[in-house]
Every structure is written in C-alpha cells, then in structure tokens.
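These numbers were taken from a predicted model, which means no experiment stands behind them. Counting from 1, the numbers follow the sequence of the chain as shown.
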Amino acid sequence: MVKKRFKDQIIAEILKTCEGKEGANKTKVVYDSGLNFHTIKPYLATLDRNDLIEIIPGPLYRTTQKGRTALRHLKAIEKLISVP
C-alpha cells in the first residue's frame, strides 16, 4: 500500500526535482514525484503562480531562488516534525 503524503511533501519533491541549471521536463517531474500527468498540473500551476518555479523553453521547469528558499524551509520543518 502506498503511503499517503502531505501536499508540502509533494511540493518539496517537485522543487527538488526541478533544481539545477537545466531544470526538468514534465515527465521527469511526474516520475520523481510519484504522481501522474493529470495530478501534477495543479501543483505545477500553483508553484509557477507563486514564483517557486519558472517555465523555460522546452518546456522545462526550474526552481527559482524563492523556490530554493521554500525548499530549505520545508526540509527544516520535516526534520522538526517526524511522522512515523
């Protein structure tokens, strides 16, 4: 059985996948986050709307500086709150 994840955990996985100079295409984001193409759309739209990722020609998705800051905060929260 697949373990249910919180939205912040999914967002952190997406931001991590999109890190780096090259960014990531949608297929890589889908596979790395464990979602499907239908489910990933609202997450990408929300991250883009809040300037946590940027869409570059390709299309590729790349984590912005604001997104990297958010990812650091999400990781810190995850360390503080350990869910068994």
Discussion item. I'd like to check the side chain to side chain donor-acceptor pair (under 3.5 Å) partners of Glu19; sequence neighbours left out, ordered by chain and number.
Written reply: none
Fill in: Qualifying residues under side chain to side chain donor-acceptor pair (under 3.5 Å), relative to Lys41, sequence neighbours excluded
none
Taking atom [atom1] of [X] and atom [atom2] of [Y], what is their separation to the nearest 0.5 Å?
X	Y	atom1	atom2	result
Ile14	Leu71	CD1	CG	11.5 Å
Phe6	Ile81	CZ	CD1	9.0 Å
Thr39	Ile10	OG1	CD1	8.5 Å
Tyr43	Leu15	OH	CG	12.0 Å

Worksheet item: Linking I/L/V/M/F/W/Y whenever any side-chain heavy atoms sit under 4.5 Å apart, do Leu80 and Ile11 land together?
Response: no
Fill in: salt bridge (Lys or Arg N to Asp or Glu O under 4.0 Å): pairs with one or both residues in residues 56-73, sequence neighbours excluded
Glu54-Arg62
Discussion item. Given 3.5 Å as the limit, does a donor-acceptor pair link the side chain of Thr64 with the main chain of Leu52, or not?
Written reply: yes
Worksheet item: With Arg5, which residues qualify under salt bridge (charged side-chain N to carboxylate O under 4.0 Å, His left out), at least two apart?
Response: Glu13
Fill in: For Thr17, side-chain contact (heavy atoms from CB on, under 4.5 Å) partners two or more places apart
Ala24, Lys28, Val29, Asp32
Worksheet item: Who passes side-chain contact (heavy atoms from CB on, under 4.5 Å) against Leu60, sequence neighbours left out?
Response: Asn25, Ile56
Practice prompt. Quick one: do Val30 and Thr27 satisfy side-chain contact (heavy atoms from CB on, under 4.5 Å)? Show the steps, please.
Written response: CA-CA 5 Å; Val30 165; Thr27 302; 5.7 Å; no
Worksheet entry | Asp8 and Ile77: CA distance, side-chain angles, deciding distance, side-chain contact (heavy atoms from CB on, under 4.5 Å) verdict | CA-CA 10 Å; Asp8 55 57; Ile77 290 169; over 6 Å; no
Worksheet item: Stepwise, does the side-chain contact (heavy atoms from CB on, under 4.5 Å) test hold for Leu44 with Ile53?
Response: CA-CA 8 Å; Leu44 292 174; Ile53 61 170; 3.8 Å; yes
